[in-house]
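What follows is one structure encoded as C-alpha cells, with my remarks underneath.
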Amino acid sequence: MSHPMDRRFNPAAADGRWQQAWDEAEAFRADDASPKPKAYVLEMFPYPSGRIHMGHVRNYTMGDVLARYKRMTGHEVLHPMGWDAFGMPAENAAMEKKVHPGTWTRANIAAMKAQLKRLGFALDWSRELATCEPDYYGHEQALFLDMLEAGLVYRKESDVNWDPVDMTVLANEQVIDGRGWRSGALVERRKLSQWFLKITDFADELLDGLDGLDHWPEKVKLMQANWIGRSKGLKMHFALAEPVADTASIEVYTTRPDTLYGASFVAIAADHPLALALAENNAALAAFAEECRHTGTATADIETAEKKGYDTGLSVVHPFDPAWTLPVFVANFVLMDYGTGAVFGCPAHDQRDLDFARKYALPVTRVVAPSPEEADAPIHDEAYTGPGKLVHSGFLDGMTVEDGKAAAIARAEAEGWGQGTTVWRLRDWGVSRQRYWGTPIPVIHCEACGVVPVPRDQLPVVLPEDVSFDIPGNPLDRHPTWRHVACPSCGGEARRETDTLDTFADSSWYFVRFASQPKDKAFDRDTVAQWLPVGQYIGGVEHAILHLLYARFWTRALKRIGKLDVAEPFAGLFTQGMVTHETYKAPDGRWISPEEIKDGVIVETGEPVTVGRVEKMSKSKKNTVDPTEILDQYGADAARWFMLSDSPPERDLEWSEAGIEGAWRFVQRVWRLAIDREPAEGADKDLDRKLHKTIAGVAEDIEALSFNKAVAKLYELASALEKAAPSASRTQAIDTMLLLVAPMIPHLSEEAWSARGHEGLIAQAGWPAVDPALLVDDEVTIAVQINGKLRDTLTAPKGADKATLEAMARGSEKVIAFLEGKEPKKVIVVPDRLVNLVA
RNA sequence: GCGGGCGUGGCGAAACCGGUAGACGCAGGCGACUUAAAAUCGCCCUCCCAUGGAGUGCGGGUUCGAGUCCCGCCGCCCGCACCA
C-alpha cells in the first residue's frame with residue numbers, strides 16, 4: 001500500500017484499491033430516475049476475441065474522459081459496456097481447438113473484462129450485456145417478429161457467395177479474389193432462400209436524416225450518402241422490333257433522358273433475363289456471358305477491363321421515331337443489380353458508351369453543345385459530360401440539360417412508355433447466415449402453413465448446446481432433434497429455420513438495451529426516452545457505413561412500428577484514429593516483433609532488421625504491444641495519459657516506448673506536486689490567472705474531444721506550479737489541478753486527493769468553477785511590424801487605445817532605426833495585438 | 001475514374017475570426033545535484049553566407065499583413081468503384 005508521503009506514486013498498489021473503492025461506492029451506476037441532465041456516452045462495444053488491444057485502450061480512454069468529465073459537470077451519466085459476442089471467430093476456434101463457441105466466448109469475455117477493470121474505466125457494469133446470451137438475443141428475436149408483422153422482413157431467393165469447402169455463405173468482404181478467405185476455395189454463386197430486412201424502405205429518410213446529424217464527421221455522412229446512392233432519372237421501355245422469348249420490350253434506366261436523341265445502342269447485363277433466355281440456344285452468347293461473370297471482382301480489373309459486347313442481332317425501336325432502330329448488345333459493363341440491368345448507350349456523352357461505340361463502330365451523335373458554335377463539334381476520345389444546350393434533338397432542341405430531362409420524362413409519361421423514378425444503390429439487407437453462433441431466426445417452416453413465426457411465449461429460441469464442429473457446415477442443420485418441431489399453427493410436422501441472423505443485427509440495438517433492460521421485453525419505451533439518443537458515440541471509422549447505417553435503420557424501423565420515440569440513435573459521433581507502431585523485418589522478409597530486437601539486431605540470430613513503415617498494430621505484422629504488460633509496468637494512468645497525448649484523437653497515434661515513458665514522468669510530476677503540503681500564505685495573481693485559464697481551456701478541449709490540447713494545457717499548468725513560489729494560491733491550484741486531471745488519470749487523482757485530506761471520491765467531485773475575471777490579462781504583448789514584418793514587441797496595458805499604441809510603437813528604438821527618419825504612409829493598429837507601420 | 005481528407009522543425013503536433021509560426025510533448029545537446037548511476041532540476045534545440053535574411057509541399061494572386069482566403073500544380077492517405 002502506498003503511503004501518502006511516498007515520493008513515488010505506486011500504481012501497482014493504488015490502481016486496484018481505487019477501482020475497488022469506485023465499485024463499492026457504485027460510483028458509476030446510472031440512475032434512470034435522476035433529476036440531473038442526462039448524458040449518454042458510448043464506445044463501440046468490443047468483439048470478445050480474447051484480449052484487449054491498444055485500439056480498445058485508446059477508444060475507451062477517450063470515452064472515459066468524457067464520461068467522467070460529464071459526471072463532474074453535474075450530469076447523470078450512462079456509460080455502459082458489453083460484448084458483441086456472436087460471430088465467426090468463435091466457430092473457427094471451435095473447429096481448431098475443439099471448444100464450444102460459447103465456452104470460448106465467455107472465457108474471452110471474462111479475461112477482457114478483467115483487463116478493462118484494470119484500466120479503471122468509469123463504467124456502469126450493472127448494465128453489462130453479451131449478445132450471445134438468450135436474455136439478449138431472445139428480445140432480438142421478438143423485435144425481428146415485430147418487424148416481420150410490420151412487413152419490414154421478407155424472404156426471397158437470392159444469389160449468395162457459397163464456400164463449397166466450409167459449406168457456408170460468405171459476406172462479400174470475406175471473398176478475396178473470388179476465393180473464400182478461410183478455405184481458399186473458389187466461391188460459387190448459389191441461389192438460396194434468404195431473409196431480408198427492408199432497409200430500402202428507409203432509403204429516403206436515412207439519406208435525408210444525415211442532414212440533421214450536425215455532430216457527425218462530414219466524411220462519415222458522405223460515405224453513407226454515397227452508399228445509399230440516390231439517383232433520379234427515367235425508367236423506360238424500348239420495344240423490341242420483333243418480340244423474342246416472350247419478351248416485348250427492354251426496360252432501361254437512365255439519368256440522362258435528355259440525350260435520348262444521341263442513343264446508338266441498347267446494352268443488357270449478362271445475367272439479364274433476356275440474355276439468359278437467348279443464351280439457352282446460343283452457345284457463343286452463353287460463353288460470353290460466362291466470361292463476363294468472371295471479370296470484375298478485383299480492383300484493378302475494372303480499371304483496365306475493356307468494354308466488350310455481344311451483338312444479339314435483336315433491335316429495338318426508338319421511342320421518338322418508330323422508323324429508328326437500335327441494336328441490342330449484351331455488354332460486360334452493365335450490372336444486373338443496379339437499375340434495370342439494361343442501359344441505352346449515348347456515346348457522345350458517356351465515356352463507357354463512347355469506348356464501346358468505337359470498338360463496335362456504332363454512330364456517335366453529339367446532342368449537347370456547350371455553345372451554339374460547337375453544335376457540330378466532333379467528339380474524339382472524350383465524351384462530353386458538361387452542361388450546355390440540346391442539339392440534333394427534335395423537340396428538345398435549345399433546351400438546357402435540366403429542362404431536356406424534364407421534357408423527355410414528361411413525354412415518356414404522357415405516352416406511357418416510361419416514368420420518372422428514383423433509383424437507389426442501397427440493397428435490402430440480407431440477414432441469413434448458415435452458421436451456428438448467431439441469433440436463431442425465430443420462424444418455423446411448415447409444409448402446410450408455410451412460414452410460421454415462433455409464438456411469442458416460446459421465445460427465446462435457444463441455441464442447442466450439444467453441437468459438433470468436426471464437419472464443415474451449419475451444425476444446426478444436422479442436429480438430430482433441434483430442427484424438428486410441431487407447427488404452431490396446424491400442429492403437424494415442421495422444421496425450424498436453421499439460419500441465424502447476421503451479427504450486425506445484434507449491434508443494431510444494443511445501445512437501446514443498455515438504456516433499459518427489463519426482463520419481459522427488449523426495452524421500456526419511456527426509460528429509453530430518458531437516455532437516447534446517445535450524446536457521444538466513439539469508435540473506429542471502419543464502421544462508418546455498415547454498423548452505423550444498420551443501427552440507424554433499426555432505430556428508425558422501431559420508431560415506425562411504434563416501439564421507440566427516437567429516429568436517430570447517435571446524436572454525436574466521433575471516429576478515432578488507429579494505434580500504430582513501427583514494423584520490423586528480418587533479411588528474409590519475415591516480420592519481427594519489437595521484443596525480439598536489441599540495438600537493431602535480432603537477439604536470437606544476430607541478423608540485422610530493417611525498420612518498415614509505421615502501421616496499424618496487427619498480429620500478422622507482429623507490431624502489437626500488449627496492454628497488460630504496459631499496465632504491469634506503468635499502471636493505468638500512464639497508459640491512459642499516453643493515449644490522450646500528442647496526436648489529435650481522429651488521427652493515428654504511434655505507440656512508442658519513449659511516449660509511455662513521458663506519460664509516466666508526467667504522472668509522477670503531478671504526484672510530486674500533490675504531496676507537497678507545506679502550509680503557505682498569500683495570493684499569486686499570475687498563478688490564479690494561469691489556473692483559471694486552464695480550467696476553462698481544458699473544459700473546452702474535453703468537450704471538443706481535443707484531448708491532446710487539454711493535455712498540453714495541463715503540462716503548462718504543471719510547469720507553472722513547479723516554478724511558482726509557495727502561496728495560498730499555489731496550494732489551492734494544486735487541489736484544483738487534481739480535479740482537472742481526474743478524468744484522465746483517475747487513480748493518481750484519487751490517491752492524491754485523499755492524501756491531501758479531502759473527503760469523498762474525486763470521481764464524484766464537482767468540476768471547478770471558472771472566475772471569468774481571471775481569464776483576462778491586464779497587460780498584453782503588442783507586436784510591432786514595419787511593412788508587415790515583425791521588428792519589435794512591447795508590453796502595453798490591456799485595452800490601450802490606438803493612439804497610445806501608435807505612440808509607443810513610434811517610440812521603439814528598433815522602429816526608429818528601421819524608419820531612418822521617414823514618415824510611415826499608413827499606420828494600422830489592432831488593439832491588444834499589433835501595430836503595423838507601412839513605409 | 002469519382003468523392004473526401006491531409007501536407008508546418010529530427011519526430012508527434014499547436015496557432016481563436018487573416019495579426020509575434022513552431023505552444024506542449026518526444027528525441028537530441030550542454031550543465032547542476034550525486035562517489036557513481038537512476039531519478040530530478042536548469043538552459044539550448046527551423047534553416048542560412050547571421051547587427052541580417054529565408055521559412056508552414058510547389059507556383060501565382062488578394063491584403064498593411066497569409067500556415068489560415070482565392071487560382072493552378074505536386075505528393076500522400078482514406079472511401080466508393082464499369083451505378084447508366
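Reminder, nothing fancy here: chain letters follow the sequence lines and each chain counts from 1.
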### A:Lys723 side chain near B:C41 phosphate (N/O to OP1/OP2, under 4.0 Å)
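Answer is no, no contact under 4.0 Å.
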### Message
Would you say A:Lys219 places a side-chain N or O within less than 4.0 Å of OP1 or OP2 belonging to B:G5?
### Response
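No, A:Lys219 has no side-chain N/O under 4.0 Å of OP1/OP2 on B:G5.
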Atom pairs under 3.5 Å: protein N/O with N/O of nucleotides 24-29 of chain B:
unit_1	atom_1	unit_2	atom_2	d
B:C26	OP1	A:Arg665	NH2	2.8
B:A27	OP2	A:Arg665	NH2	3.4

### Query
Looking across every strand, which nucleic acid part, if any, lies under 4.0 Å from A:Arg791 by heavy atom: base, sugar-phosphate, or nothing?
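Since only primed, P, OP1 and OP2 atoms lie under 4.0 Å of A:Arg791, the category is sugar-phosphate.
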### Message
Need one value for A:Asp350: base, sugar-phosphate or nothing, where a base atom within 4.0 Å counts as base even if backbone is also close, heavy atoms only.
### Response
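Result for A:Asp350 = nothing.
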### Task
Using atom types as modelled and distance alone, determine if a side-chain donor or acceptor of A:Gln224 lies under 3.5 Å from a backbone N or O of A:Ala544.
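A pair under 3.5 Å: yes.
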What's the gap between [N] and [M] when it is taken at their [atom1] atoms, as a whole Å value?
N     : M     : atom1 : value
B:C44 : B:G9  : C1'   : 15 Å
B:A66 : B:A54 : P     : 12 Å
B:G25 : B:G72 : C1'   : 37 Å

Checking contacts here: which listed nucleotide ([options]) is nearest the side-chain heavy atoms of [X]?
X        : options             : result
A:Lys789 : B:A54, B:A13, B:G19 : B:A54
A:Phe333 : B:A13, B:G19, B:C82 : B:C82
A:Arg425 : B:A81, B:A21, B:G65 : B:A81

### Message
Could you check whether A:Phe329 and A:Tyr360 have their ring centres less than 6.0 Å apart?
### Response
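Aromatic pair counts; centres sit under 6.0 Å.
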### Message
Using the ring centroid of each side chain, check whether A:Phe320 and A:Tyr261 are separated by less than 6.0 Å.
### Response
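A:Phe320 vs A:Tyr261: aromatic centres under 6.0 Å.
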### Base-pairing string, 5' to 3', of RNA chain B - Watson-Crick or wobble, under 3.5 Å, | interstrand
(((((((..(((......[....))).(((((.......))))).(((...)))..(((((..]....))))))))))))....
### side-chain hydrogen bond (donor to acceptor under 3.5 Å, both in side chains) partners of A:Arg810, counting only residues at least two apart
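For A:Arg810, the residues satisfying side-chain hydrogen bond (donor to acceptor under 3.5 Å, both in side chains) (neighbours in sequence not counted) are A:Glu806, A:Glu823.
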